[in-house]
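Working notes for the structure below.
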Amino acid sequence: MKFKSPPVNSLSLDFLTEFCISLEKLENDRACRGVILTSAVPKIFSSGLDITEMCGKSTEHYAEFWRAVQEMWLRLYSSNMVTVAAVNGSSPAGGCLIALTCDYRIMAENPKFSIGLNEAQLGIVAPFWFKDTFVNVVGHRVAERSLQLGSLHSAPEAHRIGLVDELVPEEKLKDRATAVMQQWLALPDHARQLTKTMMRKAVLDRLVAHREEDVQNFISFISKESIQKSLRMYMEMLKKKKS
């Protein structure tokens with residue numbers, strides 16, 4: 001599955017909806033046992049949540065958007081398929097979350113590419129289920145420091161802390177992702193699926209149990225004038241960079 005929403009594959013409401021529909025189709029296709037997620041946009045895997053969806057909109061819109069973000073994570077994190085992220089560009093915030101949610105992460109060996117949950121840099125806080133997913137991959141101490149600082153890790157650094165499982169030259173990324181997929185699919189599906197469910201159940205159950213509360217928390221947080229101001233400033237900064 002290739003992300004193709006130029007310029008930076010930002011996770012808009014439309015993107016998230018389309019993503020969930022595509023994932024559901026693959027889940028329902030008995031012949032499909034695994035999916036490789038990658039980008040069709042050069043130098044970027046996904047820039048994360050679309051800030052325009054979180055700025056100057058109605059509370060109804062914020063609720064709809066946040067439910068779509070939750071749905072994307074729930075579907076991907078609980079997927080019966082083998083999920084491999086072939087990270088062929090930078091992957092901040094929500095882009096990093098997509099990679100973290102997969103079973104295995106391979107990143108292009110390019111020092112210009114970075115990955116991380118950098119929400120703190122925008123003045124926003126990664127929700128508990130982002131945090132739980134991150135902790136399960138890199139461990140508590142690395143996650144705590146990285147989340148507080150809103151760190152974006154270069155590809156070599158991401159590999160060192162265990163955020164990605166391996167680095168390969170860009171031109172070999174597709175072949176390596178395919179080889180890893182074959183390795184995972186060599187196992188009996190039921191044993192792998194049950195193990196995955198066992199390992200991830202507590203984190204999934206926690207969001208399912210608190211889903212509506214999480215939506216309300218997001219609405220009250222994102223509606224604060226100080227947060228809206230932060231997001232507006234960040235959007236202005238991005239516009240200046242482009243020009």
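Residue numbers run from 1 in the order of the sequence given.
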When rounded to the nearest 0.5 angstrom, what is the spacing between [atom1] in [X] and [atom2] in [Y]?
X    : Y    : atom1 : atom2 : value
I227 : K229 : CD1   : NZ    : 11.5 Å
E64  : T59  : CD    : OG1   : 12.0 Å
L185 : R192 : CG    : CZ    : 7.0 Å

Ion pair [X]/[Y], N-O distance below 4.0 Å:
X    : Y    : answer
E212 : R67  : yes
E157 : R160 : yes
E225 : R232 : yes
E71  : R75  : yes
R200 : D103 : yes

Can a donor-acceptor pair be found, under 3.5 Å and without considering hydrogens, that links the side chain of [X] to the backbone of [Y]?
X    : Y    : result
S90  : S114 : yes
E119 : L147 : no
N28  : E24  : yes
S10  : S12  : no
R33  : V82  : no
T101 : Y77  : no
S46  : S91  : no
N9   : F45  : yes
D132 : V203 : no
S223 : S220 : no

Contact check, side chains of [X] and [Y], non-hydrogen atoms, under 4.5 Å:
X    : Y    : value
V84  : L37  : no
Y234 : I51  : yes
I222 : Q228 : yes
F113 : I44  : no
T83  : V35  : yes
F128 : D214 : yes
L163 : I115 : yes
F218 : M54  : yes

- Evaluate the criterion side chain to side chain contact (heavy atoms under 4.5 Å, CB included) for residue pair Y62 and K57; output intermediate values, then yes/no. CA-CA 7 Å; Y62 295 146; K57 299 282 198 295; 3.5 Å; yes
Which atom names give the shortest non-hydrogen contact between [X] and [Y], and what distance separates them?
X    : Y    : value
A93  : N118 : N-OD1, 3.2 Å
S78  : L204 : CB-CD1, 3.7 Å
S154 : P111 : CB-O, 4.2 Å

Side-chain donor-acceptor contact under 3.5 Å, [X] with [Y]:
X    : Y    : answer
E166 : Y104 : yes
Q193 : H190 : no
E170 : N88  : no
E27  : N80  : no

Point to revise | Working for side chain to side chain contact (heavy atoms under 4.5 Å, CB included), residues Q182 and T178 | key: CA-CA 6 Å; Q182 286 169 343; T178 307; 4.2 Å; yes
_H153 vs S146, test: side-chain hydrogen bond (donor to acceptor under 3.5 Å, both in side chains). Steps then yes/no._
CA-CA 9 Å; H153 305 279; S146 189; 2.8 Å; yes
Check whether [X] and [Y] end up in the same hydrophobic cluster, where Ile, Leu, Val, Met, Phe, Trp and Tyr are linked by side-chain heavy atoms less than 4.5 Å apart.
X    : Y    : value
L26  : F15  : yes
V8   : V69  : no
V137 : L76  : yes
L167 : L100 : yes

Run the side chain to side chain contact (heavy atoms under 4.5 Å, CB included) check on V164 and I106 step by step: do they pass?
CA-CA 6 Å; V164 296; I106 309 164; over 6 Å; no
Would you find more than 12 non-hydrogen atoms of other residues, nucleotides or ligands less than 6.0 Å from [X] atom [atom1]?
X    : atom1 : value
M237 : CE    : yes
K174 : NZ    : no
M235 : CE    : yes
H61  : NE2   : yes

TODO: Kindly state whether the ring of W66 and the ring of W73 have centres lying under 6.0 angstrom apart.
DONE: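 Here the rings of W73 and W66 have centres that are no less than 6.0 Å from each other.
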> M72 and L23: side chain to side chain contact (heavy atoms under 4.5 Å, CB included), yes or no, with the steps?
Replying inline: CA-CA 9 Å; M72 177 271 292; L23 208 58; over 6 Å; no
